[in-house]
*Asks:* 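Let me give you the structure first, and then I'll get to my questions.
The analysis underlying the following values was restricted to heavy atoms, covering all of them including side chains, and did not include hydrogens, waters or symmetry mates.
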Amino acid sequence: MELMNQIFRLGVVFAIFGFIWGIFELGLNLLSGGRTRTISEIYFIKAIKYLFLVDVTFLFCLDDAQNLISTFNIVIAGLVLLTYFVGKLQNQQNKMAMFQMMGAGITPKQTTFNMRVEIGVIVLAIGVFSLFIFYPDIAKNPISIWFHESIINIEDTPVFGFIFKVIGFFFLVSMIFKMLNGFNYLISGKPFVQASSSFQSFTKNKKDDEFDDYEELDN
């Protein structure tokens with residue numbers, strides 16, 4: 001039960017952090033006048049986002065009463081963070097595959113997805129999270145403390161707090177499914193759901209159907 005509570009709380013934290021960061025990114029877009037960002041700018045901002053996310057997550061792993069590190073919370077938070085980052089990576093891969101398979105005319109050079117850099121950002125974020133375990137004082141900086149306090153304040157707000165708790169529930173369900181999927185893959189070599197394979201077969205069939213239609217029109 002404690003495991004479920006911890007994952008649920010992290011779901012709420014991630015949701016509120018994403019909301020706050022979304023406001024920050026909206027401000028950046030307004031200041032830049034809607035200018036299209038380069039891939040370097042995109043990954044720099046993503047790296048900053050991930051670093052602050054692991055920083056804030058670490059602060060929520062501390063024991064509130066004694067301000068000590070909870071080993072249980074650290075282990076669970078590390079697994080959740082890794083699962084969350086890998087899920088984001090897979091979503092980017094699926095989008096890339098979708099654009100290519102649907103014939104959207106988007107080449108890899110035109111996209112904002114770079115596998116090596118994406119993995120590098122994830123490794124950096126997890127590495128910093130591990131660093132906080134040995135040097136917890138580094139995590140207690142003014143910006144991360146502000147995020148921590150803001151998340152708590154929003155969580156305690158009656159209406160917004162309830163909305164984010166609903167999101168946290170779905171996050172809990174999603175995390176449980178992904179973890180079970182991962183364990184099943186380690187044991188049997190196959191995940192519960194092979195979404196990418198299903199997507200590829202679906203898009204292939206659809207493209208074949210569309211090709212047949214065009215052939216009939218030409219004839």
*Asks:* Can you name the one residue among Asp156, Leu59, Val56 that meets side-chain contact (heavy atoms from CB on, under 4.5 Å) with Ile151?
*Replies:* Val56
*Asks:* Quick one: CD1 on Ile42 to OG1 on Thr36, what's the gap to the nearest 0.5 Å?
*Replies:* 8.5 Å
*Asks:* Could you check whether any side-chain heavy atom of Phe169 comes within less than 4.5 Å of a side-chain heavy atom of Phe8, counting everything from C-beta outward?
*Replies:* yes
*Asks:* With distance as the sole test, does Asn153 use its side chain to make a donor-acceptor pair with the main-chain N or O of Glu149 at under 3.5 Å?
*Replies:* yes
*Asks:* Under 4.5 Å between side-chain heavy atoms, counting indirect links through other Ile/Leu/Val/Met/Phe/Trp/Tyr residues: same cluster for Leu26 and Phe52 or not?
*Replies:* no
*Asks:* Of the non-hydrogen atoms in Phe171 and Gly11, which two are nearest, and what is the gap between them?
*Replies:* CD2-CA, 3.1 Å
*Asks:* With the side chain counted from C-beta on, respond yes when Glu155 and Val13 share a heavy-atom pair under 4.5 Å apart, and no when they do not.
*Replies:* no
*Asks:* Is the Phe58 ring parallel, tilted or perpendicular to the Phe129 ring (thresholds 30°, 60°)?
*Replies:* perpendicular
*Asks:* How long is the span from the CD1 atom in Ile154 to the CZ atom in Phe160, to the nearest 0.5 Å?
*Replies:* 8.0 Å
*Asks:* Within the structure provided, determine whether Ile20 and Trp146 are in side-chain contact (heavy-atom separation under 4.5 Å).
*Replies:* yes
*Asks:* Taking atom CG of Leu81 and atom CZ of Phe85, what is their separation to the nearest 0.5 Å?
*Replies:* 5.0 Å
*Asks:* Report yes if the side chains of Ile45 and Leu28 come closer than 4.5 Å at any heavy-atom pair, otherwise no.
*Replies:* yes
*Asks:* Is there a path of hydrophobic side-chain contacts, each under 4.5 Å between heavy atoms, that joins Ile145 and Leu51?
*Replies:* no
*Asks:* If I take atom CH2 from residue Trp21 and atom CD1 from residue Ile23, how far apart are they, to the nearest 0.5 angstrom?
*Replies:* 12.5 Å
*Asks:* Using 0.5 Å steps for rounding, measure from the NE2 atom of His148 to the NZ atom of Lys140.
*Replies:* 10.5 Å
*Asks:* Would a distance-only check, ignoring hydrogens and angles, find a side-chain to backbone donor-acceptor pair under 3.5 Å from Tyr43 to Asn114?
*Replies:* yes
*Asks:* Measuring from Ile167:CD1 to Lys165:NZ, what's the distance to the nearest 0.5 Å?
*Replies:* 12.5 Å
*Asks:* In terms of the angle between their ring planes, are Phe147 and Phe17 parallel, tilted or perpendicular, with boundaries placed at 30° and 60°?
*Replies:* tilted
*Asks:* Quick check: closest heavy atoms across Ala47 and Val121, and the distance to 0.1 Å?
*Replies:* CA-CG1, 3.9 Å
*Asks:* I'd like to know whether NZ of Lys88 has more than 12 heavy-atom contacts from other residues, nucleotides or ligands below 6.0 angstrom.
*Replies:* no
*Asks:* What are the two closest non-hydrogen atoms of Ile7 and Val80, and how far apart are they?
*Replies:* CG1-CG2, 4.1 Å
*Asks:* Write down the atom of Ile16, the atom of Phe164, and the distance for their closest heavy-atom approach.
*Replies:* CG1-CG, 3.5 Å
*Asks:* Is there a path from Phe24 to Leu31 through hydrophobic residues (I, L, V, M, F, W, Y) whose side chains come within less than 4.5 Å of each other?
*Replies:* no
*Asks:* Which residue is it: Asn73, Leu10, Thr71? I am looking for the one with a side-chain contact (heavy atoms from CB on, under 4.5 Å) to Cys61.
*Replies:* Asn73
*Asks:* Is a side-chain N or O of Thr57 found less than 3.5 angstrom from the main chain of Leu53, in a donor-acceptor match?
*Replies:* yes
*Asks:* What's the shortest heavy-atom distance between Tyr50 and Ala125, and which atoms?
*Replies:* CB-CB, 4.0 Å
